[in-house]
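Here the structure comes first, spelled out in structure tokens, and everything after it is commentary.
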Amino acid sequence: MLILTREELENVADVLGYPRATLRQWRHRRAIPEAAKWRLVNFFGQSFQIADELAGPTFTRPAGGTCLADQAAKYIK
């Protein structure tokens with residue numbers, strides 16, 4: 001499976017003739033239509049996945065130890 005960045009996908013979509021507005025719709029819907037996906041797979045010669053979708057949501061702890069786990073750690077020893 002090929003891993004693409006969002007920029008690489010946009011460049012290839014431009015080559016295949018998809019306008020930027022269409023790409024924004026795909027991103028908003030979080031899905032690429034099957035016909036477009038089939039054209040992209042034929043262009044690459046293999047299935048692909050966008051790197052942004054792999055990352056998923058990121059978790060960062062608040063500064064100063066104010067999250068619930070930090071508060072509970074004071075009492076669990």
Side-chain angles (χ1 to χ4, degrees):
M1 179 175 280
L2 184 63
I3 306 297
L4 300 174
T5 63
R6 180 71 52 190
E7 184 178 330
E8 291 171 334
L9 178 67
E10 289 175 357
N11 290 338
V12 171
D14 282 341
V15 169
L16 293 176
Y18 292 108
R20 292 282 179 182
T22 301
L23 297 175
R24 284 191 297 272
Q25 287 177 353
W26 293 352
R27 188 166 187 173
H28 176 71
R29 294 178 184 163
R30 296 179 187 239
I32 299 173
E34 289 300 317
K37 194 179 294 186
W38 184 79
R39 284 185 66 193
L40 291 166
V41 167
N42 283 336
F43 181 83
F44 293 123
Q46 60 182 323
S47 61
F48 66 93
Q49 191 166 10
I50 301 170
D52 295 346
E53 295 172 355
L54 290 176
T58 58
F59 174 75
T60 56
R61 290 187 140 183
T66 58
C67 72
L68 185 59
D70 290 337
Q71 291 175 2
K74 294 177 189 175
Y75 301 102
I76 302 172
K77 294 222 185 211

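The analysis underlying the following values was restricted to heavy atoms, covering all of them including side chains, and did not include hydrogens, waters or symmetry mates.
- Hydrophobic clustering of Ile, Leu, Val, Met, Phe, Trp and Tyr side chains at less than 4.5 Å, counting indirect connections, unites L2 with I32.
- Residues E8 and I3 share a closest heavy-atom pair of OE1-O, 4.1 Å.
- Of all heavy-atom pairs between A36 and W26, the closest is CB-CZ2, 3.5 Å.
- The hydrophobic clustering, which links ILVMFWY residues whose side-chain heavy atoms are closer than 4.5 Å, places V15 and I50 together.
- Taking all atoms of both residues into account, the shortest heavy-atom contact from R39 to L16 is NH2-O, 3.1 Å.
- Linking ILVMFWY side-chain heavy atoms closer than 4.5 Å, directly or via other members, places L4 and F43 in a single hydrophobic cluster.
- Using a 4.5 Å cut-off between side-chain heavy atoms of Ile, Leu, Val, Met, Phe, Trp and Tyr, with links allowed through other members, V41 and Y18 fall into the same hydrophobic cluster.
- Within 6.0 Å of CD in Q46 there are more than 12 heavy atoms belonging to other residues, nucleotides or ligands.
- Taking both residues in full, the closest heavy atoms of E10 and R20 are given as OE1-NH1, 3.1 Å, listed atom of the first, atom of the second, then distance.
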